[in-house]
Amino acid sequence: MVNIFQKFKNALSVRGRLHRKVMIMMLLTSVLPIIFLGFLALVSLNTAHRIDVADIESNLINQKTEEIKTFLKGALNMLELRVTFPQVTDIEIGQQHYLLGQLLAENTAFNEISFVSLNGRETSKQGRLSLKNLADLSRLQKFLEAKAGKNYISPVYFTLSGPMITIAAPVKNSNNVIISVLTAELDLKGLEKIINKSILGNAGYLYLIDQDGFLVVWSEKNNTPPTYAADLRQIGFTNQLIQGESFLGADKQARYRSFFGKQVVGAGEFLSDFNLGVVAEWPVSDADNIIATVRNQIIVVSLIVLILTLLFSLFLAGQIVSPIKTLESSAELIAAGKFEHPVQISTHDEIEDLGRAFNKMMEGLKRLEELKNEFVFIAAHEIRTPVTAIKGYISMVVDKSAGKLDEETSRFLGEVKKASDRLNNLVNDLLQIARSEAGRLEIKVTPTEVTEPVKAVLAELKVLADEKSISLVYEPRALPKVLADPARLKEVLVNLVGNAIKYTLGAGAVTISQEIIGKEIITHVADTGIGIPLGAQQKLFEKFYRVPDERTREITGTGLGLFIVKEIIERMNGRIWVESESEKGSVFSFGLPIVSIDKTD
Ligand code: ADP
């Protein structure tokens with residue numbers, strides 16, 4: 001478990017160009033489809049929901065339309081009386097009153113009801129409120145239409161007791177002959193029950209409007225109670241509705257700000273036969289509430305999947321890229337000549353095979369390097385003996401023949417001596433490096449005093465310095481001992497002070513100073529020589545590197561000294577660095593660890 005977690009953490013911490021590319025590929029192939037699918041799901045949900053809302057509203061309106069029709073047709077049917085006898089031409093007044101009483105009792109929506117004779121005069125009348133006189137209706141449409149055998153429904157009109165509608169129907173005998181007319185005032189408050197019974201979500205409501213767009217009855221669910229007979233024509237929707245446009249179904253669904261204040265999804269239909277329009281309004285907030293949960297779930301699930309995919313992509317990209325990075329850093333180690341770190345890749349795929357091949361290559365290179373070192377070591381070692389002999393004999397010849405030879409021969413011999421010195425140095429340096437690389441450079445650290453070696457080296461090099469009028473400055477201080485190999489430390493100092501003298505062209509000064517910094521003693525070798533350009537400073541400690549400079553071409557050197565110095569210092573657990581400015585001089589500094597108290601004695 002911990003292992004998996006660690007693997008995951010490592011994979012997440014990988015960065016780089018390839019990583020970015022793999023990530024982009026993953027994103028394109030997985031994250032984008034997820035976003036697209038999530039988006040598609042939301043759009044489909046929305047569309048389905050719009051259709052659902054429209055269907056619910058339309059069904060409700062159809063149902064209510066039927067109920068309203070039943071209400072009005074029922075009332076009309078009650079008026080369509082038929083006398084059982086064939087020859088009857090009129091109904092007797094007493095009988096009329098009896099029938100009117102019956103009708104009023106049967107239908108509470110009848111507010112007032114009257115018999116009208118065929119000449120247009122009311123013959124009897126009964127109502128729930130105080131009655132007006134019998135009137136002459138002969139010119140009124142309700143009478144004329146009923147007398148002509150049709151059922152009549154008037155436009156809605158408003159009275160103090162509520163919205164009303166007038167209906168009229170013919171009364172016939174059994175021979176189907178019209179013998180009278182019945183008219184009634186129908187109280188539309190009876191429709192409130194129908195409207196109130198409807199359920200439209202939590203906050204949806206219904207209302208009826210008349211032929212002029214005035215509010216007739218409304219549902220109690222409407223939280224903003226409107227005023228009786230309110231004029232709704234200021235709403236575009238109402239206007240379109242009373243002009244006969246139907247708003248049923250998803251295509252005709254309307255979204256608008258309702259007369260009652262809220263943004264609603266509206267549907268409606270105008271029943272021109274009855275002069276009434278049925279409207280359903282569902283506040284958007286409530287209608288959409290149902291899908292809000294599903295929508296949120298889709299969003300949350302998509303987000304979770306997205307985050308997981310992202311993490312997984314990061315992990316996978318890391319898994320792919322991290323072995324490549326391992327190979328890269330290993331290749332860098334090889335380039336730096338370090339062959340001790342085989343790559344460890346366990347991806348169980350081609351990259352693991354590549355890792356194995358890489359390790360084989362590394363072993364091959366290591367073997368080659370060893371062979372080369374061995375060769376250089378043997379060669380240098382074998383060359384050293386004759387070179388030492390040449391150098392010794394030439395020195396002897398030069399010393400012994402001083403003053404005895406002619407000038408030209410002396411000069412030639414002098415050149416041979418210089419060349420043999422140079423050859424001797426080169427062979428010694430090569431041998432030193434070969435030893436070091438073959439692991440034969442022996443370094444034994446012991447608590448070592450640091451001022452004595454400096455003094456000894458300065459004394460040794462004084463002749464060289466004097467020749468060039470370079471003063472050697474050193475003020476020894478009481479310092480603790482360091483852990484170092486005394487002979488190697490002297491070698492380092494000879495090299496650094498030698499270079500300082502070598503690369504100071506005219507007169508100048510070489511100053512050696514020492515200080516304690518932390519747990520180290522730092523020795524600085526500062527000169528007033530030609531300095532080293534910044535670009536060359538990094539390469540200075542590399543094998544065979546010499547700063548390309550016209551002025552130092554004549555100065556003999558192999559470019560191996562500083563490489564050996566660094567090797568020695570590092571093998572003694574120290575460090576070395578340089579600070580320099582062209583034409584002003586250089587300061588080579590190295591630090592060696594101070595012997596801790598328990599090791600001093
Ligand atoms: P070399 O045998 O050439 O002196 P080193 O490894 O000792 O080899 O030095 C490498 C190069 O660094 C030298 O060739 C020289 O260009 C530069 N160098 C070393 N020490 C100094 C110094 N004190 N001032 C200026 N240049 C230096």
Salt bridge or not for [X] and [Y], using N-O below 4.0 Å?
X	Y	value
Glu281	Lys262	no
Glu570	Lys566	yes
Glu583	Arg551	yes
Glu352	Arg356	yes

Using residues 452-462 as the side-chain source, report each donor-acceptor pair under 3.5 Å to any protein atom, sequence neighbours left out, with the distance given to one decimal.
{"from": "Glu452", "atom 1": "OE2", "to": "Lys455", "atom 2": "NZ", "distance (Å)": "3.1"}
{"from": "Lys462", "atom 1": "NZ", "to": "Asp466", "atom 2": "OD2", "distance (Å)": "2.8"}

For this session: Return the set of residues passing ring-ring contact (aromatic ring centres under 6.0 Å, His included) with Tyr545 (not counting sequence neighbours), or none when no residue passes.
Result: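 Applying ring-ring contact (aromatic ring centres under 6.0 Å, His included) to Tyr545 gives none.
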More than 12 heavy atoms from other groups under 6.0 Å of [atom1] on [X]:
X	atom1	value
Lys502	NZ	yes
Glu542	CD	yes
Glu475	CD	no
Arg553	CZ	no
Lys21	NZ	no

For this session: Please step through side chain to side chain contact (heavy atoms under 4.5 Å, CB included) for the pair Met572 and Ile443, ending with a clear verdict.
Result: CA-CA 8 Å; Met572 297 195 298; Ile443 288 181; 3.8 Å; yes
Exercise. Considering all heavy atoms of both residues, which atom of Arg295 and which atom of Leu42 are nearest to each other, and what is their separation?
Worked result: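 For Arg295 and Leu42, the tightest heavy-atom pair comes out as CG-CD2, 3.2 Å.
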Exercise. Is there a side-chain contact between Ser586 and Tyr503, using heavy atoms and a 4.5 Å cut-off?
Worked result: no
Problem set entry | Sequence neighbours excluded - side chain to side chain donor-acceptor pair (under 3.5 Å) pairs with any residue from residues 376-405 |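 Counting only pairs at least two positions apart or across chains, the side chain to side chain donor-acceptor pair (under 3.5 Å) contacts touching residues 376-405 are Lys391-Asp421.
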Problem set entry | Identified salt bridge (charged side-chain N to carboxylate O under 4.0 Å, His left out) counterpart of Glu369 within the set Arg367, Lys366, Lys372 | Lys372
Exercise. Do we see a donor-acceptor contact under 3.5 Å between the side chains of His524 and Ser513?
Worked result: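 No pair is found: no donor N or O on one side chain lies under 3.5 Å from an acceptor on the other.
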Exercise. Is the side chain of Glu449 donor-acceptor paired with the backbone N or O of Thr451 at a distance under 3.5 Å, no angle test?
Worked result: yes
